[in-house]
Structure formats: structure tokens, C-alpha cells
Amino acid sequence: MSNLRISFPDGSVREFEKGTSGRQIAESISRGLAQKALACEVNGVVRDLSFPIEEDSTLKILTWDDTNGKQAFWHSTAHILAEAVQALYPHAKFGIGPSIENGFYYDIDFGDSVIKEEDLAAIEQKTAEMAAKNSTFRLYPVSKQEALDFYTSKHDNEYKRELIENLNDGEITFCDQGDFTDLCRGGHIPETGLVKAVKLTNIAGAYWRGNEKNKMLTRIYGISFPKKSMLDEYLTLLEEARKRDHRKLGKELELFTFSNNVGAGLPLWLPKGTELRERLERFMRDAQRRMGYLPVVTPHIGNKRLYITSGHYEKYGKDSFKPILTPEEGEEYFLKPMNCPHHCEIYKSKQRSYRDLPLRFAEFGTVYRYEQSGELSGLTRVRGFTQDDAHIFCRQDQVKEEFMQVIDLVLYVFKTLDFTEYTAQISLRDKVDRARYIGSEENWEKAESAIIEAAAEKGLPTVVEYGEAAFYGPKLDFMVKDAIGRKWQLGTIQVDYNLPERFELEYVAPDNGRERPVMIHRAPFGSLERFVAVLIEHCAGKFPLWLTPEQAMILPVSDKFGDYAKKVAQFVKNYDLRASIDERSEKIGKKIRDAELQKVPYMLIVGEKEEAENMVSVRRQGQGDLGTMSIESFVNLVESEIKGKLAQVEKEEV
RNA sequence: GCCGAUGUAGCUCAGCUGGUAGAGCAAUUGAUUUGUAAUCAAUAGGUCGGGGGUUCGAGUCCCUUCAUCGGCUCCA
């Protein structure tokens, strides 16, 4: 009897008999673990607990506390959902049913029947019934021919056949539970009965294999839990998240709006939102000035020629807004989709020497892009938006240093605004489809390695995504999640060898020869619109004190103290604090309530006592009464709060 | 653009199987002069997203269009 050496995550190694399953090993460790075990990870691959281990391996027993344990749980629930759907709709054909970050989905072709939201309840109930049957998940190998036969004669299903065609004979497995059989490579929980709570959350169309040329299947989203109470907690959490939605808060706090008459995806910034936005712009301008950026301003439209040169016309001309024609000459102008062509022309406005570089041209440039109607969403996806854009023109030997300086700037912005959870994504070309990009192989190689090196040298943890590059160059993107977990790209840094070539940019080298600069495109916010959206959700509308449109609301206890309230207002305004007075003849409780709901950080309550002693009674939003203090003390309090935060970030920067 | 859902007063929503619109908050006016999360009363406010149709009669049924929401695709 040959033995098996199994190493565990804690580093220990134990011997078992060949063919021992994950379940048996879990049982040998402890009964508790065996009970909690959902699946296991053998040499890093998620397997069913029944998987017989045949060679020396690393093994991790997965429970609900492991991400992969949850994934196995959710993926298994997708199977149960499919079983339920098959019972209710025998003609349904199944596509794929993976687990996702929060739950699972299954793509299903329902043939002629249209599945609506109201049908979900019945499917959900059936899924729960199927789970309660406590069937065992049984994974077993089949030959390619058997598999194809199954999905031809038993269940005619072209989707599964397509998947099988792309698999190697000998590596194909089916999974049974109850009366349901599915093509599956595994990673299941042992029995369906572990699923105690299922919620089908959503229904949506999804193209087969994500290709819009393919048929659109019906995608059913759901989530499941091993305890009912966990589902309730999850639903409460979702409810809370929805309260942070920037579209809801933007309306409530009067930051921005949309008008049908102006058009979809074209935000209108209200005064308070504009205050906020301008303050962010000022913050960025100050940071950029310190880093040697030069301000420029360019128009909102540009001649078609400009975009032919840049390559935008060829790539996106057909799918952008239609050109604007001059009435007499018939010249074609386009709304600018990007600022870089204009900035290239600024570079060309005079002869540049190697001594001038790097040149950093910065502009809050408003651009217009046609986005598909179904894609528009609040401030996160719009058709007109303002980028905190800049283009750095530098020598080849300066690329890495410049790139790293931009990483510093992005991280400074994130730190100042407490964005601690972001991912840095290196976006490279598609590995196969190179026709989507302009420029030579050599230039791309240089640009891609510059990004990878700079990020590595900065010690920035990154993930690499192929096929996500811009058409003219690779990017380093900073992604942040919104309230309901959707990922958005905020900051972006791009290295570009191609536009300088297309625009024939050059500088005079030390040897009096002519050389090409390298361009770095960068926008730490990305777009002001999206950044503000994510910021709103991040802080649930309670903006940092330095940023918030209204820092203090002065609340006179009655009309009698209106004059004193004005005096207080004038005093704090002299110290550049932003404050206004609630002059309504409402009771103080009402005024406090409204200020709290408007998320004004400080409330200054003034009445007889305060007027007599030249004081204010200070209340902090969300915290309550802070007591009475002199107006000067209040101003100091606010100033030190603001300085404290900013100074802390500055210090960490050094 | 595609799939599904939604669209009633400034906001949040009610309006059963078709019988010519309703609440709370907000607003306006008046009263109240108030002490740490909603003072009272009166008034005003809607061609029920737009257009077309069925019907004696449409917020309600049908078609179409626009917008919004959740996805898919796309994303300079």
C-alpha cells in the first residue's frame, strides 16, 4: 500500500493512504472541521471533498470562511437552481453557471418562453425545495463522445456541446445531484442540504459567451447561505448600501441633477455640487503646481484632421457624436473625445529642447463621448465629463521617474480622501487580437515594460489584465468599488510612444539631432464626475470637512437671535469657513434635524445664553452636542481639524 | 444597442378587476418665538414621461417613443 504525503497550510506534513479523499482527511483532523468542510483545495485547485488524492499534494480544507469555500457553495447552488429550472421548464437549455463575487448566476436559454422577474419567486421556491432534498453531488468522468451524446440525444443542448468541443477527452467530468446532470469540472459541496437559504436577486439578458453576435440568454442571479440569518444580514447590508447610492444622495444633498431636455448622460451641477467639485479641482491644481505641471486650456471641439492624425477618427469616428459642420465652408469639427491631440499641438507650438523636458501640460478638460444608452448610469457613466487630464512629454530616460511621480500623486489623492480599498490594474494589449491597437510592436514592448517596471519599483501591488489597454498604449488603472460593489476605473496613467510619432513631435537633442519625446497621459481623478460619484458613496455623503460645501449651519433658537446669528456668520466667514443661517421660524429641534439630514458637519446653536456670553453651542453631525465655546475656539477647532488631516497625509508622503 | 423592470404633485409613494386623481414630506401664507433629530392651521400644486390606438369612457388595456434602474456588450 503506497503512501501519500499531504502538506497542510500550517506547514505540517502527514501521510495517508493513496486515494484518500479530502473528507477522510478532514475527519482525521477533527470532527468540527469535517462538519464545517465544504470543499477542499488540492495543489491549489478547488475539488469536491470526495476527490481521491492520488499523489503527494498540498491540501487545504475549505469552509464558509474561505473565499473558495463560499465559491464552491455558490457554484453548487447554481447547480441546484438549474435542477429547479429543469423541473419547471423541461425545455430549458443551460449555458454556464459559475459563482461570482457575491453569489452565482446561471445563463439559461428558455426557448420561446420569456422569463420575467415575477417568475423568480416560483423558481426560488423550487430551488429551496431541491436543496432540502439533500441530494449528494457526485462527480464522475465521462468520455468526450459520451458527453456529446448526452447533450445530443438525452438533452439537446448546443451550448454544452460547444463547451465540450473545446475540452480534451479524458478531462471531462459530469456532476449529478438528484435527477440533474451537468457538465462540470467540480468544486462542489458534498450535499445540497447545506444550502439553507437561497435568494434569486436578479434577472438579466446576457449574450452567450459574452459575444453580442451570439444569442442572448436569460441570466438568473442569486446568492445562498448556510444559515437563514446570514441571508437576512446580507439583505440588510444591501439595503444600507443602497442608502449610499450617489444618485440618491446627489438628489438629497442637491449636488447634481439630470434633465431630459438637456439630454441623457449630461449632468447638471447644482451650486453645492459645484462648490465640492471646484474644491477638488483646487486641491488637484495645488498638488500639480508643486509637482511642476503647467496649466493649459483648449477648446471643446477640434478639426476632423486632428483626430485623423491621432487615430481617434479611424478607431471611434463612426461611433462618436456626429461631426459639427461650419455653415459656409463645410469644415468638419468633432466634439473632443480626449484632450491629448490638443495638447500635442501645444507641444508643437514652438521648438522644444531636451533641456525643456519633461513638459507637463495640465487641463481640466471637458470631453464628450457617445456611450450606449443602456450603459449610462448616474455620474459614473456619462456622455460629457471633465478629466483632470495632463500630458507629460519627456525623454526616454525620464519615463520611469515621471511615471513613478504620477503614481505618487494618485496615491496622495487616494490617501487624502481615505480611499484605502483600491486595486491597481496594469492594462496590457490583448494577447491575440493586435489589430485593435496602433503603433509598432517595439513601441508597445517599451511602453508595457516601462509600466510594469515603474509599478514594481514603487512596490505597488498590481493585477495584470490583457486586452484592457487603450488603443494607443498600455495603462496603469486605479479601480475603486461603488456602494453596490461595482468596480470603476478612477485614476489612470498611460505610457504612449505612438501619438508623438503620429503628431511628429520632436525635441532638439544635445547633439543637435532631433528626437521623439515619450508621452504620459494621466488623470488621478479620472473624471470629476465619476470621482465625485465614488466619493459620495465612499463617505455616504458625509464629506471631509475641508471639502464639504457647507461646513457649518447656524441655528438661532428663535427669530429674536437673528442678529446675533448674522454676527456669528460674518465672524466665521472672515476665517473662510463656509456657513449659513437657518432663519426659518421653526423649533430648534426641527432645524437640527434638517441640518443633520443635510449632513452639515457642524451646527452652531445660538440663543439667549450664547448671545449674552458671545459664545456658540456646537453640535457635530452624527455625534451630538459638544458643548458651548467661544466663536474663536470654534474657528480653531475647525481649522485644526482640517489642517490635522491634511498635515497627516503630507507627513506620510515624506 | 440588446434582455428584463420601472415612470402618478418638488421628493417618497397609494390608486382593486377601465368609470374623468390621493397621502406624507417639501413649498406658500398665517399663527407660534421656540434650547439639541419633525409646532399648528390654511392654501396652492398633477393634460398620471411623450405620441398614437381600442373603448361611450384610459393613470389603469394595446402599439410606439423617451428616460431611469439591474445586467450583457462596449468603453478614447
Side-chain angles (χ1 to χ4, degrees), chain A residues 105 107 110 114-120 201-221 242 245 247-248 251-252 254 257-261 263-265 307 310-317 319-320 336-341 367-378 381 383 387 389 436 438 468-473 475 484 486 488-489 492 494 496 499 521 523 555-562 584-597 603-610 617-628:
Chain A
Y105 67 78
D107 282 347
F110 282 94
V114 178
I115 300 302
K116 297 185 178 167
E117 238 163 64
E118 60 203 47
D119 301 318
L120 283 185
T201 46
N202 206 346
I203 191 162
Y207 299 109
W208 169 238
R209 307 206 115 185
N211 187 332
E212 64 180 316
K213 291 189 186 94
N214 289 338
K215 182 163 182 185
M216 183 165 269
L217 308 180
T218 304
R219 175 171 296 179
I220 298 178
Y221 284 92
R242 278 190 244 277
D245 192 311
R247 292 164 296 198
K248 183 175 154 61
K251 195 179 276 179
E252 284 172 8
E254 297 181 10
T257 189
F258 289 90
S259 157
N260 242 339
N261 297 325
Y307 303 111
S310 70
H312 289 102
Y313 183 75
E314 191 196 341
K315 280 281 161 195
Y316 299 102
D319 300 319
S320 65
K336 78 174 166 189
M338 288 186 85
N339 303 300
C340 33
V367 295
Y368 299 88
R369 300 173 184 179
Y370 174 77
E371 298 287 355
Q372 294 187 13
S373 58
E375 190 55 50
L376 300 173
S377 174
R381 175 70 102 247
R383 285 178 175 165
Q387 297 177 308
D389 209 0
R436 284 156 57 184
I438 59 168
E468 294 292 314
F471 77 91
Y472 50 77
K475 312 188 281 180
I484 52 177
R486 291 176 297 198
W488 296 101
Q489 177 201 310
T492 178
Q494 310 169 3
D496 180 5
L499 289 190
H521 310 239
L555 312 177
V557 170
S558 85
D559 293 351
K560 284 190 279 194
F561 312 106
R584 298 172 304 169
S585 70
E586 291 287 352
K587 294 180 94 154
I588 191 68
K590 169 73 167 168
K591 293 183 187 182
I592 286 168
R593 180 181 154 81
D594 287 347
E596 288 277 351
L597 291 176
M603 284 148 272
L604 303 181
I605 291 141
V606 293
E608 194 173 351
K609 256 195 332 230
E610 288 77 9
S617 177
V618 180
R619 187 186 162 97
R620 174 88 216 204
Q621 200 272 347
Q623 287 175 22
D625 196 354
L626 299 186
T628 311

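Convention: sequence-line order gives letters A, B, ...; per-chain numbering from 1.
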task: Run the numbers on E371(A) and R381(A) for salt bridge (charged side-chain N to carboxylate O under 4.0 Å, His left out), then give the verdict.
output: CA-CA 8 Å; E371(A) 298 287 355; R381(A) 175 70 102 247; 3.5 Å; yes
Side chain of [X] (C-beta onward), nearest among [options]:
| X | options | result |
| --- | --- | --- |
| K116(A) | G35(B), C69(B), A5(B) | A5(B) |
| N260(A) | U12(B), A67(B), G71(B) | A67(B) |
| Y221(A) | U39(B), C72(B), A37(B) | C72(B) |
| D625(A) | U34(B), A37(B), U36(B) | U36(B) |
| I592(A) | C75(B), G35(B), U36(B) | U36(B) |
| R247(A) | A37(B), C69(B), G71(B) | C69(B) |
| R619(A) | A26(B), A37(B), G70(B) | A37(B) |

Nearest-nucleotide 5' precedence on RNA chain B, A470(A) against A264(A):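 Result of the comparison: A264(A).
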task: Would you mind telling me which residue lines up with the more 5' stretch of RNA chain B, Y368(A) or S377(A), judged by nearest nucleotide?
output: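 Closest to the 5' end, via its nearest nucleotide, is S377(A).
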query: What is the base-pairing partner of U39(B), counting Watson-Crick and G-U wobble geometry with both distances under 3.5 Å?
result: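 A31(B) is the nucleotide pairing with U39(B).
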Report which part of the nucleic acid [X] touches: base, sugar-phosphate, or nothing (heavy-atom distance under 4.0 Å, all strands).
| X | answer |
| --- | --- |
| K609(A) | base |
| G263(A) | nothing |
| Q372(A) | base |
| E252(A) | nothing |
| G589(A) | sugar-phosphate |
| V114(A) | sugar-phosphate |
| I588(A) | sugar-phosphate |
| R486(A) | sugar-phosphate |
| Q489(A) | nothing |
| A206(A) | sugar-phosphate |
| G210(A) | sugar-phosphate |

Has the side chain of [X] got a donor or acceptor that lies under 3.5 Å from a partner of the other kind on the base of [N]?
| X | N | answer |
| --- | --- | --- |
| E610(A) | G35(B) | yes |
| S585(A) | U33(B) | no |
| Y370(A) | G1(B) | no |

Look at [X] and [N] and indicate whether a side-chain polar atom (N or O) is within less than 4.0 Å of OP1 or OP2.
| X | N | answer |
| --- | --- | --- |
| K587(A) | A38(B) | no |
| K213(A) | G1(B) | no |
| S373(A) | G1(B) | yes |
| K591(A) | A38(B) | no |
| R219(A) | G4(B) | no |
| R436(A) | C74(B) | no |

- prompt: Expressed in whole Å, how much space separates the P atoms belonging to U47(B) and U54(B)?
  reply: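 Looking at atom P only, U47(B) and U54(B) are 25 Å apart.
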Do you see a donor-acceptor pair shorter than 3.5 Å between the side chains of [X] and [Y]?
| X | Y | value |
| --- | --- | --- |
| Y307(A) | E314(A) | no |
| D496(A) | H521(A) | yes |
| Y221(A) | R219(A) | yes |

task: Round to a whole Å and report the spacing from CG of L376(A) to P of U6(B).
output: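 So the CG-P distance, L376(A) to U6(B), works out to 21 Å.
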- prompt: Over how many whole Å does the gap from R381(A) atom CZ to U68(B) atom C1' extend?
  reply: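 Taking atom C1' of U68(B) as the reference, CZ of R381(A) is at 17 Å.
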- prompt: Just how far is it from atom OH of Y370(A) to atom OH of Y316(A), taken to the nearest 0.5 Å?
  reply: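 With rounding to 0.5 Å, OH (Y370(A)) is 15.5 Å from OH (Y316(A)).
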